[in-house]
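Start at 1 with the first residue, then count along the sequence.
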Amino acid sequence: MVQTTAAVICGEKDIQLRTFELPPISADELLVKNISNSVCLSTYKAALLGSKHKRVPENIDEVPVITGHEYSGVIVEVGENLKDQFKAGDSFVLQPAMGLPTGYSAGYSYETFGGNATYSIIPKIAIDLGCVLPYDGSYYADASLAEPMSCIIGAFHASYHTTQFVYEHEMGIKEGGTLALLACAGPMGIGAIDYAINGPVKPRRIVVTDIDEARLSRAESLIPVSAAKAQGIELIYVNTIEMEDPVTYLKSLNDDQGCDDVMVYAAVAQVLEQADALLGNDGCLNFFAGPTDKEFKVPFNFYNVHYESTHIVGTSGGSTGDMVESLELSAKGDINPSFMITHVGGLQAAPHTILNQLDIPGGKKLIYPHIDLPLTAIDNFTSLAKQDPFFSELDAILAKNNYVWNQHAEKALLEFYDVSLSV
C-alpha cells in the first residue's frame with residue numbers, strides 16, 4: 001500500500017490536505033509519482049462551486065476529490081495488462097481533456113486521480129482514452145505547462161475564416177493577417193503572445209492590450225518587440241486603461257481597419273464589446289476566457305454578422321495534438337511556457353493558492369508536491385537567503401535567466417529537497 005498526501009475538494013470553498021492510503025492498482029491502472037502540477041484557474045472555479053460544478057461529484061463531503069490536472073511525473077507501478085505500453089521509471093505528462101459525457105476528468109472528479117498529490121492512480125478510462133503521454137524531457141514544469149499551452153494552441157486552431165460562396169471553413173488564425181490580443185498580459189496571455197509570434201502561422205501585426213502597466217512591462221521584457229520583428233511581425237503593446245475610445249485608437253494602429261482575428265483573455269463585458277467593434281470583414285472573435293457566471297451575456301453586432309461575415313468561437317481545453325505540439329515547440333526552444341510561471345511552492349501551499357488565485361498577484365503558480373516550501377514568488381528567493389544559503393544559489397540561477405523559471409532552477413530545487421526521480 002502506498003500513502004499519498006493530497007489537496008482535495010471537500011465542499012464549496014473547502015480544500016484540505018489529507019493523507020491516506022491508496023488502494024492497490026488494478027491490472028489496467030498506473031501508480032504514479034507526481035513531480036509538478038501547475039495551478040489552473042479552472043481549479044479555483046471547481047473549488048468555489050464544489051459539487052455545483054459540472055465536473056465535481058455530489059458526494060465530495062464523503063469522498064473528496066484530488067485537485068490538479070496540469071501535471072507530470074514518473075510511473076511507479078504498471079498494471080499487469082499495461083506492461084506492453086508502460087514501464088516503471090518512465091516519465092509521463094497527463095492530457096486531462098477526457099471528453100466524457102459526464103464531464104468528469106482528473107483534478108475535479110476522482111478520489112485518487114489528480115495532480116496536487118504526492119502519488120496518484122491513473123484509471124483505466126484515462127489510459128484507454130490516450131491521456132497518458134510519454135515525456136522524453138527532464139524539465140517537469142515544462143511538461144505540466146504543456147496543458148495550459150495546449151489550451152492556447154487549441155484556441156488558435158479553432159479560429160476560422162471563410163470565402164464568400166465557398167462553404168468550407170479555413171481553420172486557424174489568418175496567415176499574414178492582423179491579430180488583436182485583448183486583456184492579454186496575464187500568464188495565459190503571455191503564452192498566447194509567444195505562440196502567436198513563434199507558432200507555425202504568423203500574422204503580420206499583433207496588438208496586445210491590458211490595463212495593468214506592470215503586467216504589460218513584464219510581457220514586453222519576456223517577449224520584446226524586437227523578437228517579433230525578427231519573425232517579420234509588428235508587435236505593439238498598448239495600455240488602454242485611460243483611453244476614452246480604445247477601439248478608435250487600436251484601429252488607428254491597424255491602418256484604421258478592423259482585425260482579422262481578435263482574442264479575448266478576460267471575461268469582461270467591456271472587453272468583449274471592444275473585440276466585437278474591432279472585427280474587420282470575415283473577422284473572427286475568439287472568446288478564450290471562461291466566465292463563472294452561467295448567464296454571462298454581452299451584446300454582439302449582428303448587422304456585421306450578416307454584412308461583414310464576422311463570427312465568434314470559443315474553446316475550453318486543448319486536444320492531445322495541441323499538447324504534443326506544445327511539447328515539440330518547447331523542446332526545440334521555439335516557445336517557452338515557463339514565461340507564465342511567477343511562483344513555486346510545495347503541496348502545503350496548494351489549498352491557499354487555489355482558493356486565493358484572484359488575490360495573489362503574478363502568473364502561473366507551480367506546485368512541486370514533494371517539497372516543503374510556502375508559495376514563493378520567483379523574484380523573492382533573495383530574501384530567503386538569510387534562512388538558507390541554497391536560496392542565494394537558486395536566486396543566482398534565476399537572475400541569469402531574467403527571473404524566468406527554468407530546468408536548472410527546477411533541478412536545483414528538487415535536489416535540495418532530495419526528491420528522487422527514480423522508483
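Residues that satisfy the side-chain contact (heavy atoms from CB on, under 4.5 Å) test with A47, not counting sequence neighbours, are I15, I354, L355. Judged as a side-chain contact (heavy atoms from CB on, under 4.5 Å), and not counting sequence neighbours, the contacts of A266 are A183, V268. Under the rule for a ring pair (Phe, Tyr, Trp, His ring centres under 6.0 Å), H408 has no partner lying at least two apart in sequence or in another chain. With sequence neighbours left out, the side-chain contact (heavy atoms from CB on, under 4.5 Å) criterion links V201 to I173, E175. Taking the side-chain hydrogen bond (donor to acceptor under 3.5 Å, both in side chains) definition, one finds that Q357 meets it with nothing, sequence neighbours left out. Applying the ring pair (Phe, Tyr, Trp, His ring centres under 6.0 Å) criterion to F86, with sequence neighbours excluded, gives no partner residue.
Between D260 and L179, the closest side-chain pair of non-hydrogen atoms is not below 4.5 Å. Side chains of E70 and P96 form no contact here, defined as non-hydrogen atoms less than 4.5 Å apart. In this structure the side chain of N34 never reaches within 4.5 angstrom of the side chain of Y119, judged on heavy atoms. Using a 4.5 Å heavy-atom threshold, the side chains of Y104 and F113 count as separate. Taking 4.5 Å as the limit, every side-chain heavy atom of F416 sits out of range of all side-chain heavy atoms of L373. Counting heavy atoms from C-beta outward, S91 and Y140 have side chains that approach closer than 4.5 Å. By the 4.5 Å heavy-atom criterion applied to side chains, Y71 and P369 are not counted as neighbours. Between V32 and V76, every side-chain heavy-atom pair lies at or beyond the 4.5 Å cut-off.
Using modelled atom types, one finds a donor on one side chain and an acceptor on the other under 3.5 Å when comparing T162 with D282. No side-chain donor-acceptor contact under 3.5 Å links D395 and S392.
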Decide yes or no on ring pair (Phe, Tyr, Trp, His ring centres under 6.0 Å) for Y417 and H370, but give the supporting numbers first. CA-CA 8 Å; Y417 285 102; H370 292 269; over 10 Å; no
Let me see the working for L216 and E220 under side chain to side chain contact (heavy atoms under 4.5 Å, CB included), right down to the final yes or no. CA-CA 6 Å; L216 279 166; E220 188 168 1; over 6 Å; no
Please assess N286 against D261 for the test side chain to side chain contact (heavy atoms under 4.5 Å, CB included), listing each intermediate value before the final yes or no. CA-CA 8 Å; N286 189 306; D261 295 279; over 6 Å; no
Any chance you could lay out the side chain to side chain contact (heavy atoms under 4.5 Å, CB included) test for M323 and V93, step after step, and finish with the verdict? CA-CA 10 Å; M323 201 160 176; V93 58; 3.5 Å; yes
Where do V313 and S159 land on the side chain to side chain contact (heavy atoms under 4.5 Å, CB included) test, with the steps shown first? CA-CA 7 Å; V313 298; S159 293; 4.3 Å; yes
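Note: Y195 and F156 have perpendicular aromatic rings, judged against thresholds of 30 and 60 degrees for the angle between ring planes. The aromatic rings of F381 and F391 sit parallel, their planes meeting at an angle under 30°, below the 60° perpendicular limit.
Taken from CD1 in I360 to OG1 in T353, the straight-line distance is 4.5 Å, to the nearest 0.5 Å. Atom CD1 of I25 is separated from atom CD of E80 by 9.5 Å, given to the nearest 0.5 angstrom. Between the CH2 atom of W405 and the CD1 atom of I397 there is a distance of 8.0 Å, given to the nearest 0.5 Å. Atom OH of residue Y108 and atom OG1 of residue T67 lie 10.0 Å apart, to the nearest 0.5 angstrom. Atom CD of residue E147 and atom CD1 of residue I152 lie 10.0 Å apart, to the nearest 0.5 angstrom.
In K202, the NZ atom is crowded: over 12 heavy atoms of neighbouring residues, nucleotides or ligands sit closer than 6.0 Å. At most 12 heavy atoms of other shown residues, nucleotides or ligands fall within 6.0 angstrom of atom CD1 in I211. Within 6.0 Å of CG on D293 lie more than 12 heavy atoms contributed by other residues, nucleotides or ligands. Atom CD of Q270 sits in a sparse spot, with 12 or fewer heavy atoms from other residues, nucleotides or ligands closer than 6.0 Å.
Pairing each heavy atom of M98 with each of C131, the nearest pair is CG-SG, 3.8 Å. Residues S144 and S38 approach most closely at O-OG, 3.8 Å, considering heavy atoms. In terms of heavy-atom proximity, P23 sits nearest to T112 at CD-CG2, 4.2 Å. L17 and P351 make their closest contact through CG-CG, 4.0 Å (heavy atoms, listed as atom of the first residue, atom of the second, distance). Considering all non-hydrogen atoms of both residues, P224 and L235 come closest at O-CD2, 4.0 Å. Nearest heavy atom pair, residue A106 against residue L94, reads CB-CD2, 3.6 Å.
Sorted by first then second residue, the salt bridge (charged side-chain N to carboxylate O under 4.0 Å, His left out) pairs that include residues 105-124, not counting sequence neighbours, are K124-D128. Note on residues 84-104: pairs passing salt bridge (charged side-chain N to carboxylate O under 4.0 Å, His left out), not counting sequence neighbours, are K87-D90. Note on residues 371-381: pairs passing side chain to side chain donor-acceptor pair (under 3.5 Å), not counting sequence neighbours, are Q348-D372. Listed by first then second residue, pairs satisfying salt bridge (charged side-chain N to carboxylate O under 4.0 Å, His left out) with a partner in residues 6-28 read E12-K52, not counting sequence neighbours. Annotation: salt bridge (charged side-chain N to carboxylate O under 4.0 Å, His left out) contacts involving residues 327-347, sequence neighbours excluded, comprise K332-D334.
Panel note: side chain T43, backbone V39; no donor-acceptor pair is recorded below 3.5 Å. In this structure a side-chain-to-backbone donor-acceptor pair under 3.5 Å is present from D388 to F390. Looking only at distances, no side-chain donor or acceptor of Q3 sits under 3.5 Å from a matching main-chain atom of T5. For E29 (side chain) and S26 (main-chain N/O), a donor-acceptor pair under 3.5 Å exists by modelled atom type. Judged by distance alone, with hydrogens and angles left aside, the side-chain atoms of K364 form no donor-acceptor pair with the main-chain N or O of P148 at under 3.5 Å. One N or O on the side chain of H311 and one on the backbone of Y160 form a donor-acceptor pair closer than 3.5 Å. Of the possible donor and acceptor atoms, none in the side chain of D210 sits under 3.5 Å from a partner among the backbone N and O of V208. N356 contributes no side-chain N or O that, together with a main-chain N or O of D359, makes up a donor-acceptor pair within less than 3.5 Å. The backbone N or O of S150 lies less than 3.5 Å from no partner atom in the side chain of E325, so there is not a single donor-acceptor pair. With H53 contributing its side chain and R55 its backbone, the two residues share a donor-acceptor pair below 3.5 Å.
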Check: residues 338-346 side-chain donor-acceptor pairs under 3.5 Å, at least two apart:
unit_1 : atom_1 : unit_2 : atom_2 : d
S338   : OG     : Y139   : OH     : 2.6
T342   : OG1    : G363   : N      : 2.7

